[in-house]
There are 2 protein chains.
Amino acid sequence: MRLFAHLGYAAVSMRQIAAEVGVQAGALYNYTADKQSLLMSLMELHMQDVLDARQAARSEGTPLARLESFVKFHIGFHLARPDALLVSYMELRNLEPENFAKIEALRRDYENELERILSDGTAQGIFSLDDPKIATLAIISMLNGVVHWFRPDGRLEQVDIEEIYWGMVRRAVGATDWSDGSVCCLDKGAIA
Amino acid sequence: MRLFAHLGYAAVSMRQIAAEVGVQAGALYNYTADKQSLLMSLMELHMQDVLDARQAARSEGTPLARLESFVKFHIGFHLARPDALLVSYMELRNLEPENFAKIEALRRDYENELERILSDGTAQGIFSLDDPKIATLAIISMLNGVVHWFRPDGRLEQVDIEEIYWGMVRRAVGATDWSDGSVCCLDKGAIA
DNA sequence: ATGCTAACTGAACAGTCGTTCAAATCAATC
DNA sequence: GATTGATTTGAACGACTGTTCAGTTAGCAT
């Protein structure tokens, strides 16, 4: 996973992988049918990890509370597995068609929860979104970007990052967030 | 550029590139020193394109107006060159160190304008951001995500996409956007 | 037609790729 | 200590990699 994340699937040889785990290339084939299956296993296991962990962390409540839970989960989970997130989004194009379809389906399952939250919130009038579908993709992209600059020994703790991103997402969806004091108005001229 | 964008630098052979332009592999070496230089040229030319075009489109004004200009420029420019954007962000790891440093510097020049806008806006109190540096990266990530789903024959026109993303960005930075009617309050309890 | 230059071909080079497999090694049981 | 079964090695396979280059082709000025 580490090699794929840093160098890319196509640029990593079976001999490099073997060397990384202290073995000759041929020995790898006792554990994987071929290189493609190895990539597929890594991605499938990761996606299942994400879905299982999310299932466990999921909770009912207002769309705003669910959105906060989703955003902080997504960041927290992937800050602990930056390599897996990188591979899952950058190596999709190296999957054979049937494998791609499977991973894509799992990814969609995960992102569908976010889309549902945004749709619910928009329907209830507590979010202000033109297009929940695109907002879903935009938010996921924004959150995923964190793995490109995050360093464990950097100036920010995981919880800081979660809060910063949550703040931006909350405002981005136009949440009328009365409960905790910060306010955002939706209707034109509602104040002015 | 198209091959690199769709298959990845490491997965594309010089023979494939040659076939795409109707020539034998050897002929390519009249135009590029080697494969790495070809990638470098594509990326350098693109980054220079971006910077030149941005320089031309740049304008003074309030941070809010400058932010709107930047966001719509970024989306519009890259929707016309999705392959170039994909390559510029996904193939950074395939650049040799000195090439990487050059491209990285150009990229930073470009993103620095956004960071400056966000810092100015925050200093003037018209944006509400905890961390302009991270907000810059978050916004760029969000905007770049558009190339992963955009299809020229899709349901949305370029201008629609610009407006949707601009709406999300404007809210994400917590802009107090009184001028055009939509309002967003920053201070806790300002309305309630 | 001739000469000149630039462009291209097609074969070849030395490596590396993913993958296979007989032979060697290891660990555990009887 | 012998036997068994699982693991690993190390060499080999054919295909493909980026790159080079002598030889051919094409276009143009004389």
Side-chain angles (χ1 to χ4, degrees), chain A residues 1-48 83-84 86-104, chain B residues 1-48 83-104 106:
Chain A
M1 187 73 97
R2 185 168 56 244
L3 286 173
F4 286 164
H6 289 122
L7 304 174
Y9 172 76
V12 173
S13 72
M14 294 298 274
R15 285 170 181 82
Q16 276 181 277
I17 299 170
E20 193 79 0
V21 296
V23 110
Q24 294 295 321
L28 296 179
Y29 291 85
N30 291 320
Y31 304 94
T32 185
D34 48 31
K35 193 186 176 189
Q36 170 74 199
S37 300
L38 178 57
L39 175 62
M40 181 58 180
S41 295
L42 288 175
M43 293 181 71
E44 212 167 12
L45 285 171
H46 171 68
M47 287 312 301
Q48 210 48 251
D83 290 346
L86 272 172
V87 169
S88 290
Y89 275 86
M90 311 233 343
E91 303 303 342
L92 282 170
R93 64 181 169 193
N94 289 115
L95 288 175
E96 289 162 7
E98 59 268 36
N99 287 338
F100 176 82
K102 281 188 202 167
I103 298 297
E104 191 69 1
Chain B
M1 188 73 98
R2 186 168 54 243
L3 286 174
F4 286 164
H6 289 121
L7 305 173
Y9 173 77
V12 173
S13 72
M14 293 299 272
R15 286 169 181 81
Q16 276 181 278
I17 299 170
E20 193 80 0
V21 296
V23 110
Q24 294 295 321
L28 295 179
Y29 290 84
N30 291 320
Y31 304 95
T32 185
D34 49 30
K35 193 186 177 189
Q36 170 74 197
S37 300
L38 179 56
L39 174 62
M40 181 57 180
S41 296
L42 289 174
M43 293 181 71
E44 212 167 11
L45 285 171
H46 171 68
M47 287 312 299
Q48 209 47 251
D83 290 346
L85 180 58
L86 271 172
V87 169
S88 290
Y89 274 86
M90 312 232 339
E91 304 303 342
L92 283 171
R93 65 181 168 193
N94 290 115
L95 288 175
E96 288 162 6
E98 59 268 39
N99 288 337
F100 176 81
K102 283 188 201 167
I103 297 297
E104 192 68 1
L106 294 175

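Values below: all heavy atoms of this structure, side chains included; hydrogens, waters and symmetry mates excluded.
The A:M14 side chain lies nearest to C:dG18 when the options are C:dA12, D:dT7, C:dG18. Considering only side-chain atoms of B:Q24, the nucleotide from C:dA7, D:dT19, C:dG10 that sits closest is C:dG10. You'll find that the side chain of A:V23 is closest to D:dT9, out of D:dG18, D:dA12, D:dT9. Nearest nucleotide to the side chain of B:N30, out of D:dA12, D:dT17, C:dA7: C:dA7.
When the nearest nucleotides of DNA chain C are assigned to A:A27 and A:Y9 by heavy-atom distance, the more 5′-ward of the two goes with A:Y9. Between A:A25 and B:Q36, it is A:A25 whose nearest contact on DNA chain D lies nearer the 5' terminus. Comparing B:L28 and A:D34 along DNA chain C, the residue whose closest nucleotide (by nearest heavy atom) sits nearer the 5' end is B:L28.
Regarding contacts with the backbone of C:dC17, a side-chain N or O of A:S13 is found under 4.0 angstrom from either OP1 or OP2. Close to D:dT9, at under 4.0 Å from its OP1 or OP2, lies no side-chain N or O of A:Y29.
Within the model, atoms CD of B:E44 and CG of B:L95 stand 9.5 Å from one another, a figure rounded to the nearest 0.5 Å. With rounding to the nearest 0.5 angstrom, the CE atom of B:M43 is 8.5 Å from the CE atom of B:M1.
Side-chain contact between A:M14 and A:Y29: present, with at least one pair of heavy atoms (C-beta onward) separated by less than 4.5 Å. Using a 4.5 Å cut-off on side-chain heavy atoms (C-beta onward), B:F100 and B:R93 make no contact.
The nearest whole Å value for the distance from the CG atom in A:L7 to the C1' atom in C:dC17 is 16 Å. We find that CZ of A:R15 is positioned 10 Å from C1' of D:dA12, with the value rounded to whole Å. The separation between A:L39 atom CG and C:dG18 atom P is 13 Å, rounded to whole Å. Protein atom OH of B:Y31 is 12 Å distant from nucleotide atom P of C:dA6, rounded to whole Å. C:dT16 atom C1' lies 14 Å from atom CD1 of A:I17, rounded to whole Å. Put simply, NZ on B:K35 is 15 Å from P on D:dT20, counting in whole angstrom units.
As judged by a 4.0 angstrom heavy-atom cut-off over every strand, A:V12 is placed among residues touching the sugar-phosphate backbone only.
Screening residues 95-104 of chain A for side chain to side chain donor-acceptor pair (under 3.5 Å) gives A:Q36-A:N99, A:E104-A:R107 as the qualifying pairs, with residues at least two apart or on separate chains.
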